[in-house]
Chemist: 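Let me give you the structure first, and then I'll get to my questions.
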Amino acid sequence: MGQQGQRTPAGKGAGKEFVKEITPQAEDYSQWYIDVVLKTELMDYAPVKGCMAIRPYGFAIWEKMQELLDRRIKETGHQNAYFPLFIPQELLEKEAAHVEGFAPEVALVTKGGGETLAEPLVVRPTSEAIICDFYSRWIQSWRDLPLLINQWCNVVRWEKVTRPFLRTSEFLWQEGHTCHRTEEEAEEETLKMLGVYQDFLETEMAIPVIPGRKSEREKFAGALRTYTVEALMRDGRALQAGTSHNLGQHFARVFEITFLDRDDELKHVWQTSWGVSTRLIGALITVHGDDRGLVLPPRIAPIQAVIVPILTKKAGEEVLAAARRLAGELRSAGIRIHLDDREGYSPGWKFNEWEMKGVPLRLELGPRDLQSEQVIAVRRDSGSKEPLPWAELPGKLPALLEELQGDLYRRAQRYQQEHTRSGADYDEFLRVMERERGFFVAPWCGREECELKAKEESKATIRCIAFERPEEDERCLVCGEKAAEKVYLARAY
RNA sequence: CGGGGCGUAGCGCAGUUUGGUAGCGCGCUUGGUUCGGGACCAAGAGGUCGCGAGUUCGAAUCUCGCCGCUCCGACCA
């Protein structure tokens with residue numbers, strides 16, 4: 001791994017010394033990322049390229065995300081179900097654009113039980129095909145609509161370049177698949193779920209995002225329209241954080257998903273699909289992390305506060321008893337608390353360990369605090385220390401955690417704003433993409449050749465077409481013709 | 001898929017140039033002393049040198065092939 005030379009071994013006072021095992025972001029951002037995911041035990045590499053084990057601490061984050069997002073998905077009327085991993089190749093190939101989009105990254109099973117299969121099976125890269133096959137049988141009447149189903153599962157896309165969480169060959173996600181009676185209803189659903197994603201990301205994960213529509217080039221294979229929420233990572237690159245597709249009737253036609261409408265006519269349904277994946281864990285790491293490691297927003301953090309008792313020889317028992325009592329009280333107050341009562345690790349070691357793991361709050365409890373009936377509360381994001389009386393903890397901590405959550409969001413938002421430039425000056429655009437990167441908001445004529453030219457010369461792509469319209473007199477960033485759209489450009493993963 | 005780097009104990013590395021049967025630090029185990037920002041002493045455990053062929057009396061070391069990780073470019077949640 002990284003070259004971790006002799007980094008300052010903890011001088012006095014907090015703040016400047018770094019966690020030893022982690023390469024500083026400024027030195028090598030990619031290495032920083034790899035160091036963080038490995039050292040904080042979020043994942044470990046598998047023997048198969050692009051695959052990984054998500055370790056308990058990483059999976060706990062995913063479970064928290066699932067819980068909070070699943071709630072929103074259900075609140076908007078959807079039900080969970082499960083569809084098969086294997087898809088007959090023939091099914092996947094029904095929708096032309098869909099096959100073409102996914103063919104290069106499909107894993108194919110050709111043998112089973114030692115025999116060559118009559119029909120090769122595709123390991124799902126996404127489940128439109130197999131789900132549509134079922135839907136064609138489940139839907140007959142307008143009374144069966146809307147059909148609102150979601151599934152949590154794994155999918156496989158054979159990737160050439162992989163990075164833990166951000167791009168893996170197998171990943172976990174949720175995919176919603178809905179059918180509607182009218183185009184308007186499908187469009188409404190598509191945008192509603194985009195809104196759910198935006199709310200989830202901003203409220204729970206403290207990640208500000210830019211919502212918008214994908215260009216024709218960038219839209220989902222087989223979709224009519226794709227909407228996206230785009231986040232900005234700390235190296236100035238954009239990350240597609242979630243997508244929501246209006247599939248139109250493309251799949252309904254080839255899979256013959258029809259219903260008899262009120263007017264007694266047989267019609268094709270209008271469909272949507274939408275998903276977010278374990279990639280969001282990567283977003284979480286990159287948006288909030290710093291040179292000391294992870295910084296987790298309290299709402300997502302598996303451990304919201306860790307109690308580190310200072311166990312001296314004389315007062316050890318007493319301190320530990322107080323720490324246990326405190327942990328119990330805080331747990332009852334609904335805080336996800338962990339008491340680090342391990343022997344053989346110095347307090348300083350534990351401080352560093354939990355900071356690296358991104359725990360939002362640390363509560364230090366030592367002999368001195370016993371006398372004054374307080375703990376020293378230390379924030380992960382700012383490092384600020386504050387004594388808090390025991391009696392006030394159950395009441396105050398939830399508020400403190402919420403404040404921290406809000407500060408993280410505002411900090412990320414400020415970073416995003418500071419790294420969003422705008423204008424129609426093409427040279428400036430190229431310069432920005434070359435150096436500080438971030439988002440560049442610009443008018444666009446809407447033609448693919450301008451999109452391509454910008455991409456070739458800047459390596460930046462249209463991340464999304466903004467919902468706001470350009471002004472009357474605005475001109476395309478690339479060709480100078482009259483602008484049809486306002487777009488967010490950035491280099492991306 | 002193209003180009004570069006790497007693969008030796010859980011982690012970080014030395015050893016490879018010049019073949020002779022593997023070592024250091026951290027971590028781990030046990031016992032003891034410690035504990036308010038990565039403590040210390042002592043005794044231990046741990047390696048088919050990424051995998052497979054080949055050359056050789058003998059391969060971590062030389063040759064060929066493959067795999068994986070990683071970085072930079074073309075495609076994607």
Side-chain angles (χ1 to χ4, degrees), chain A residues 1-5 7-21 28-31 33-35 38-39 44-52 101-106 125-126 155-175 197 217-218 220-221 226 228-230 239-245 273-283 292 308-316 319 342-356 362 364-370 375-376 378 383 385 455-456 459 461 491-493:
Chain A
M1 285 301 116
Q3 46 293 77
Q4 50 244 156
R7 236 151 255 138
T8 3
K12 53 178 183 336
K16 294 296 168 273
E17 72 278 12
F18 301 148
V19 176
K20 259 190 272 178
E21 299 91 336
D28 183 342
Y29 189 84
S30 295
Q31 191 59 53
Y33 180 82
I34 300 292
D35 288 349
L38 285 172
K39 297 289 160 47
D44 195 12
Y45 288 105
V48 178
K49 179 176 164 58
C51 294
M52 62 177 181
F102 282 102
E105 42 185 3
V106 149
T126 178
V155 290
V156 168
R157 297 181 189 177
W158 219 256
E159 296 288 350
K160 290 165 193 153
V161 179
T162 57
R163 307 192 67 193
F165 298 109
L166 291 171
R167 171 167 295 109
T168 49
S169 293
E170 178 190 11
F171 55 92
L172 306 183
W173 76 345
Q174 60 65 219
E175 46 179 330
Y197 288 154
R217 260 185 66 80
E218 304 272 337
F220 176 77
T226 289
T228 177
V229 281
E230 299 281 325
L239 184 77
Q240 183 170 307
T243 47
S244 185
H245 317 290
S273 69
W274 26 272
V276 301
S277 70
T278 36
R279 167 181 274 188
L280 289 187
I281 297 174
R292 290 159 164 268
V308 178
I310 315 298
L311 303 170
T312 59
K313 182 160 188 181
K314 315 106 235 175
V319 168
R342 288 176 297 176
E343 292 173 25
Y345 290 90
S346 69
W349 197 93
K350 291 177 181 177
F351 294 170
N352 283 299
E353 160 122 326
W354 293 114
E355 277 173 11
M356 184 170 80
R362 175 175 79 242
E364 301 176 15
L365 178 64
R368 294 206 295 271
D369 304 307
L370 229 45
V375 298
I376 306 297
V378 185
K385 300 189 179 188
K455 182 182 175 180
E456 272 162 28
K459 289 169 194 158
T461 48
R491 291 200 189 178
Y493 269 89

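Proteins get letters first, then strands, A, B, ... in listed order; numbering begins at 1 in each.
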Chemist: How would you label the contact of A/V155 with the nucleic acid (heavy atoms, under 4.0 Å): base, sugar-phosphate, or nothing?
Modeler: nothing
Chemist: For A/I310 and B/rU34, what is the distance between atoms CD1 and P respectively, to the nearest whole Å?
Modeler: 17 Å
Chemist: A/L239 near the nucleic acid: base, sugar-phosphate alone, or nothing, with a heavy-atom cut-off under 4.0 Å?
Modeler: nothing
Chemist: Could you grab the distance from atom CG of A/L365 to atom CG of A/L370, nearest 0.5 Å is fine?
Modeler: 6.0 Å
Chemist: Counting only side-chain heavy atoms from C-beta out, which of B/rC72, B/rU33, B/rC76 sits nearest to A/S30?
Modeler: B/rC72
Chemist: I'd like the C1' distance from B/rG25 over to B/rU8, given in whole Å.
Modeler: 15 Å
Chemist: What interatomic distance, in whole Å, is found between P of B/rA43 and the corresponding atom of B/rG4?
Modeler: 49 Å
Chemist: Could you check whether A/E364 gets within reach of a base, just the sugar-phosphate, or nothing at all, counting any heavy atom under 4.0 Å?
Modeler: base
Chemist: Please determine, for B/rG47, whether a Watson-Crick or G-U wobble partner exists with both distances under 3.5 Å, and give it or none.
Modeler: none
Chemist: Let me spell it out: for each of A/Q240 and A/E456, pick the nucleotide of RNA chain B with the closest heavy atom. Which residue's pick is nearer the 5' end?
Modeler: A/E456
Chemist: Which residue, A/T278 or A/G344, contacts RNA chain B at a nucleotide closer to its 5' end, judged by nearest heavy atom?
Modeler: A/G344
Chemist: Between A/E170 and A/T168, is there a side-chain donor-acceptor contact under 3.5 Å, judged purely by atom types and distance?
Modeler: no
Chemist: Hey, does A/G275 reach any base, or is it just sugar-phosphate, or nothing, if we go heavy atoms under 4.0 Å?
Modeler: nothing
Chemist: If I take atom OH in residue A/Y493 and atom P in nucleotide B/rA74, what distance separates them, rounded to the nearest angstrom?
Modeler: 14 Å
Chemist: Determine the contact category for A/G282: base if any of its heavy atoms lies under 4.0 Å from a base atom, sugar-phosphate if only primed atoms, P, OP1 or OP2 are that close, otherwise nothing.
Modeler: nothing
Chemist: Can you tell me how far P in B/rG52 sits from the matching atom in B/rC57, rounded to whole Å?
Modeler: 23 Å
Chemist: Decide whether a cation-pi geometry holds between A/R279 and A/F171; the criteria are a distance under 6.0 Å from NZ or CZ to the six-membered ring centre and an angle within 45° of the ring axis.
Modeler: no
Chemist: Separation of A/Q31 atom CD from B/rU70 atom P, in whole Å?
Modeler: 9 Å
Chemist: Give the nucleotide from the list B/rA77, B/rC28, B/rG37 with an atom nearest to the side chain of A/R279.
Modeler: B/rA77
Chemist: Whether A/R163 contacts B/rC71 is assessed here as follows: a side-chain N or O lying under 4.0 Å from the phosphate OP1 or OP2. Is that the case?
Modeler: yes
Chemist: With a 3.5 angstrom cut-off on both distances, give the Watson-Crick or G-U wobble partner of B/rC11, or none if there isn't one.
Modeler: B/rG25
Chemist: Looking at B/rG36, which nucleotide sits across from it as a Watson-Crick or G-U wobble partner, both distances under 3.5 angstrom, or is there none?
Modeler: none
Chemist: Hey, is A/F171 doing a stacking thing with B/rA77, by the 5.5 Å centroid and 30° angle criteria?
Modeler: yes
Chemist: For nucleotides B/rC76 and B/rA59, find the distance between their P atoms and express it as a whole number of Å.
Modeler: 49 Å
Chemist: Nearest to the side chain of A/R362 - B/rG37, B/rG36, B/rA77?
Modeler: B/rG37
Chemist: Less than 4.0 angstrom between a side-chain N/O of A/Y45 and OP1 or OP2 of B/rG50, yes or no?
Modeler: no
Chemist: Identify which one of A/E159, A/K160, A/M52 satisfies the side chain to side chain contact (heavy atoms under 4.5 Å, CB included) criterion when paired with A/S169.
Modeler: A/E159
Chemist: In the strands shown, is B/rG20 matched to any nucleotide by a Watson-Crick or G-U wobble pair with both distances under 3.5 Å, and which?
Modeler: B/rC57
Chemist: Grab the CH2-P distance between A/W349 and B/rC26 for me, whole Å please.
Modeler: 15 Å
Chemist: Taking atom P in both B/rU17 and B/rG7, what distance in whole Å separates the two?
Modeler: 15 Å
Chemist: Any strand is fair game: report the nucleotide pairing with B/rG31 by Watson-Crick or G-U wobble, both distances under 3.5 Å, or none.
Modeler: B/rC41
Chemist: Would you say A/K459 places a side-chain N or O within less than 4.0 Å of OP1 or OP2 belonging to B/rC75?
Modeler: no
Chemist: Pairing check on B/rC76: which nucleotide meets the Watson-Crick or G-U wobble criteria with it, both distances under 3.5 Å?
Modeler: none
Chemist: Could you state the CZ-C1' distance from A/F351 to B/rA39, rounded to the nearest angstrom?
Modeler: 14 Å
Chemist: Under a 3.5 Å cut-off for both distances, is B/rG52 Watson-Crick or wobble paired, and to whom?
Modeler: B/rC64
Chemist: In whole angstrom, give the distance that lies between atom CZ of A/R167 and atom P of B/rC76.
Modeler: 9 Å
Chemist: Find out whether the Lys NZ or Arg CZ of A/R167 is both under 6.0 angstrom from the six-membered ring centre of A/W158 and within 45° of the ring's axis.
Modeler: no
Chemist: Expressed in whole Å, how much space separates the C1' atoms belonging to B/rU21 and B/rC72?
Modeler: 40 Å
Chemist: With a distance cut-off below 6.0 Å to the six-membered ring centre and an angular limit of 45° from the axis, does A/R163 pair with A/Y33 as a cation-pi contact?
Modeler: yes
Chemist: For B/rA74, take OP1 and OP2 only and decide whether either is under 4.0 Å from a side-chain N or O of A/K160.
Modeler: no
Chemist: Look at the side chain of A/T168 and decide which nucleotide, out of B/rA77, B/rG38, B/rG36, has an atom nearest to it.
Modeler: B/rA77
Chemist: Say whether, by atom type as modelled, one donor and one acceptor occur between the side chain of A/T226 and the main chain of A/F220 under 3.5 angstrom.
Modeler: yes
Chemist: How many Å lie between CZ on A/R157 and P on B/rC76, as a whole number?
Modeler: 11 Å
Chemist: Write down the distance between CZ (A/R342) and C1' (B/rC28), rounded to a whole number of angstrom.
Modeler: 14 Å
Chemist: Could you work out the separation of B/rG47 and B/rC62 based on their C1' atoms and round it to a whole Å?
Modeler: 23 Å
Chemist: For A/L239 and A/A283, work out which heavy atoms get closest and say how close.
Modeler: CD2-CB, 3.5 Å
Chemist: I'd like the C1' distance from B/rC67 over to B/rC75, given in whole Å.
Modeler: 23 Å
Chemist: Tell me whether the OP1 or OP2 atom of B/rA77 has a side-chain N or O from A/T243 closer than 4.0 Å.
Modeler: no
Chemist: Can you tell me whether the side chain of A/S277 and the base of B/rA77 have a donor-acceptor pair closer than 3.5 Å?
Modeler: yes
